[in-house]
2 protein chains.
Amino acid sequence: MTATKNKVTIRDVARLAGVSYGTVSRYLNGNEHVSERAAQRIAQAIEESQYTPNNAARSLAQQRTSTIAFIVQVESIFTLLQASTTAAMAEANQILGDAGYQMVTLIANSDDSTHRIAQLVHSDFADGYLLFSLSEDDSLAKIFRTAHRPVVLSEASDRSTDVSYPAVDFANADGQRDITRFLLDRGKTRLAYVCGPGYSPSSSKRLQGFKQAMGSRYDDNRVYYADDWEITSGEMAAAAFEPILHDLDGIVCANDNIAIGVINQLHRMGYRVPEDIAVTGFDDSPIATMMDPKLTTVRQDSWMHGRAMSQLLLSMLRGETVGPHTVTLLPTEIVTRQSA
Amino acid sequence: MTATKNKVTIRDVARLAGVSYGTVSRYLNGNEHVSERAAQRIAQAIEESQYTPNNAARSLAQQRTSTIAFIVQVESIFTLLQASTTAAMAEANQILGDAGYQMVTLIANSDDSTHRIAQLVHSDFADGYLLFSLSEDDSLAKIFRTAHRPVVLSEASDRSTDVSYPAVDFANADGQRDITRFLLDRGKTRLAYVCGPGYSPSSSKRLQGFKQAMGSRYDDNRVYYADDWEITSGEMAAAAFEPILHDLDGIVCANDNIAIGVINQLHRMGYRVPEDIAVTGFDDSPIATMMDPKLTTVRQDSWMHGRAMSQLLLSMLRGETVGPHTVTLLPTEIVTRQSA
DNA sequence: CTGTTAGCGCATTCAA
DNA sequence: TTGAATGCGCTAACAG
């Protein structure tokens, strides 16, 4: 109980238990060649001395760190505020923690931070990496070439790059297709679409899903290409559609924020939602239920996203080989509320 | 350029540069006793060999890790989704990164994770700690007793506990007082208050600010004590106020979510905001501008929160002594929008 | 200014 | 089964 400042090492424990510190090490690492008697005495010694193994020393000797890095790559730091990222992060933390790994989160939002992270990765500071990217920039993905450690991406990219890792993503195309069909089935056939920004793989996948559902009804003149995923873009889209609004009975949006902007603008222009024009979102973000009318949207379970990524990484850590182009697509689900 | 898997160490660099590895180490650590000539050759050798110092080894020898842990303590993992946490985290990451520290984020949301984190802390895995707590539970704060490393808290607690560290918090009382006065000054004098949950220090501080502004006008019968910070609580509060609503011209809410709930419910009951009843929030969260009417609220700059905490920690790391009871209060600001 | 040496705390051979 | 020895990659104190 004497709380001396001097850190207690494995040798102290050994002395206390009356064994050599090699034995303590074996005990600590679950080696079977430790007698029952020794084990008991060591256990007690550890308890008494409040011993905790030193992380750095263990990593150095063992050449592994027992930590997983969750790296978030964002163009603007504001993107980070999206709840989806946090949810995935929290769930990954949970799953990895249960598996004995400590997850650490790193944010790459500048050349500086990217460089710092590259350094870390290069020095093998983690046993595995979850790269949660909200940007099409693959400069970060490249830094893993030097690391001989498993990596899992959060987004399936279409682009054929020189670097490739297994990815877990949502079935974006299917989700957008399904909710579009949902509208069509309910008689809303004169639909416009607000597409997400061009730099995002999700954008094109979702547009693709919309096209697929619309078939011959698809008309590129009724697609607005937004510059980002924000509310303002939705407002601009609705304003741009003004001339053809009277001929529309639905607007399918590439995400919830845009949908909210669309609804706001429609209200201002005197249209009722969904009576005059139905509007759908995508993501099922927290604000979807805060709006009036509440958003009918496509739900993506971000928790599941984090979970699936972690589990994949864990299996790779266990030695299972996973092809670098393996893509897991997570299902989405239509949530019917008020806006459509 | 031969990308051998064998990690390149400081000795390889030394050999390449034709010096002893002690010299390389000095160079790496900015020691002045390195000749210009040696420095140049070492720099080149590092470049050629793509050398990156090994983290674990450095930590072990140096007894410091160059990492700071940002620990988030949440009762429910959902609390984590609040944008304020993420903002503070992002900014802290930036500030600490600039100072040469790598920030890692840990989430404590269960006994399990708390225990894991305690282990880490006990093993001195970081040089300093930012404890971002959204709960009054101080079990986490206790684990730092064994760590002889600086700690900064995100919230000033009133409770006298056995553990205490410097804290950075917002001037909650002042903010609530100011916005209440703002209403009073505009002739809204028949005010009710929706208080936050009892477990939060912020709750009582804000209520205190409201009381202060109201003075003799204060009436405890016109205060609703919510169980949490969520929208639903706001709805319940407004419903509870129903009997006295006709005699009210303003409702001051302890946070934005609650305010939104109040507004929703008021609308349902046929009241107009702000014409009939003005409503104010607190936090200036993202949803404050998404609502109709947009929220008049008290802004807390979460980025600044993260920044101030980091800077305080950095100064402690530099050796400046900061009393364990030092509390820095950050200013708040009234944001006038539509709801009041 | 530079080479040499002794640890940092632990895992892991190798003998015993 | 266990103890002793060696090294993980690097820093820092010491001579030179």
Side-chain angles (χ1 to χ4, degrees), chain A residues 4-43 45-46 49-67 100 119-120 122-125 127 148, chain B residues 4-43 45-46 49-67 100 119-120 122-125 127 148:
Chain A
T4 58
K5 301 210 164 191
N6 318 322
K7 41 224 133 276
V8 20
T9 81
I10 199 174
R11 297 173 206 262
D12 299 321
V13 176
R15 199 176 319 118
L16 251 167
V19 297
S20 85
Y21 68 88
T23 306
V24 177
S25 175
R26 274 188 287 271
Y27 169 82
L28 253 23
N29 294 286
N31 188 308
E32 30 211 282
H33 297 294
V34 176
S35 68
E36 187 63 29
R37 221 174 70 81
Q40 298 224 346
R41 303 182 57 174
I42 293 175
I46 289 180
S49 60
Q50 291 260 47
Y51 168 76
T52 316
N54 177 300
N55 242 276
R58 173 176 287 213
S59 300
L60 182 57
Q62 209 169 207
Q63 300 289 61
R64 47 166 290 176
T65 63
S66 288
T67 96
Q119 288 277 325
L120 283 172
H122 195 104
S123 74
D124 280 347
F125 96 112
D127 293 345
H148 315 108
Chain B
T4 59
K5 300 209 165 189
N6 318 324
K7 40 222 132 279
V8 19
T9 80
I10 199 173
R11 295 171 208 263
D12 299 320
V13 176
R15 200 178 316 119
L16 251 168
V19 297
S20 83
Y21 70 87
T23 305
V24 177
S25 174
R26 273 188 287 270
Y27 170 83
L28 253 25
N29 294 288
N31 188 309
E32 32 213 278
H33 299 292
V34 177
S35 68
E36 188 62 29
R37 220 174 71 81
Q40 297 225 344
R41 303 183 58 176
I42 293 175
I46 289 180
S49 59
Q50 290 260 47
Y51 169 75
T52 316
N54 176 299
N55 242 277
R58 175 175 285 208
S59 299
L60 183 56
Q62 210 169 209
Q63 300 289 57
R64 44 167 292 177
T65 62
S66 288
T67 98
Q119 287 278 324
L120 283 172
H122 196 103
S123 76
D124 279 347
F125 96 113
D127 293 345
H148 315 108

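Each chain gets a letter, A, B and so on, in the order the sequences are listed, and its residues count up from 1. This is a predicted model, so every value here is computed, not measured.
R26(A) CZ to S20(A) OG: the interatomic distance, rounded to the nearest 0.5 Å, is 6.0 Å. Expressed to the nearest 0.5 Å, how far OH of Y27(B) lies from CD of E32(B) amounts to 15.0 Å.
Taking 4.5 Å as the limit, some side-chain heavy atom of I42(A) sits within range of a side-chain heavy atom of T23(A). A 4.5 Å side-chain heavy-atom check between P53(B) and I10(B) finds every atom pair outside the cut-off. Between F125(A) and N54(B) the shortest side-chain heavy-atom distance does not fall below 4.5 Å.
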Donor-acceptor pairs are to be reported for all side-chain atoms of residues 55-63 of chain B against protein atoms at under 3.5 Å, with residues two or more places apart or in another chain.
unit_1 : atom_1 : unit_2  : atom_2 : d
N55(B) : ND2    : S123(A) : OG     : 3.4
S59(B) : OG     : N55(B)  : O      : 3.0

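Between Y51(B) and the options L16(B), V13(B), V24(B), a side-chain contact (heavy atoms from CB on, under 4.5 Å) holds for only V13(B).
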Fill in the blank from the handout: 5' to 3', nucleotides 8-15 of chain D under a 4.0 Å protein heavy-atom cut-off (B base, S sugar-phosphate only, - none) gives BBBBBB--

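With sequence neighbours excluded, the residues forming a side chain to side chain donor-acceptor pair (under 3.5 Å) with R64(B) are S66(B), listed by chain and number. The salt bridge (charged side-chain N to carboxylate O under 4.0 Å, His left out) test applied to R15(B) returns D12(B), not counting sequence neighbours.
Scanning DNA chain C 5' to 3' for nucleotides with an atom closer than 4.0 angstrom to a non-hydrogen atom of chain A gives a first and last hit of dG9(C) to dT13(C).
Here the side chain of N29(A) pairs no donor or acceptor atom with the backbone of N31(A) at under 3.5 angstrom.
Contact annotation: S35(A) does not reach the phosphate of dT1(D) (side-chain N/O to OP1 or OP2, under 4.0 Å).
Note on the helix from dC1(C)-dG16(D) to dA16(C)-dT1(D): angle between the axes of the first and last five pairs equals 40°, rounded to 10 degrees.
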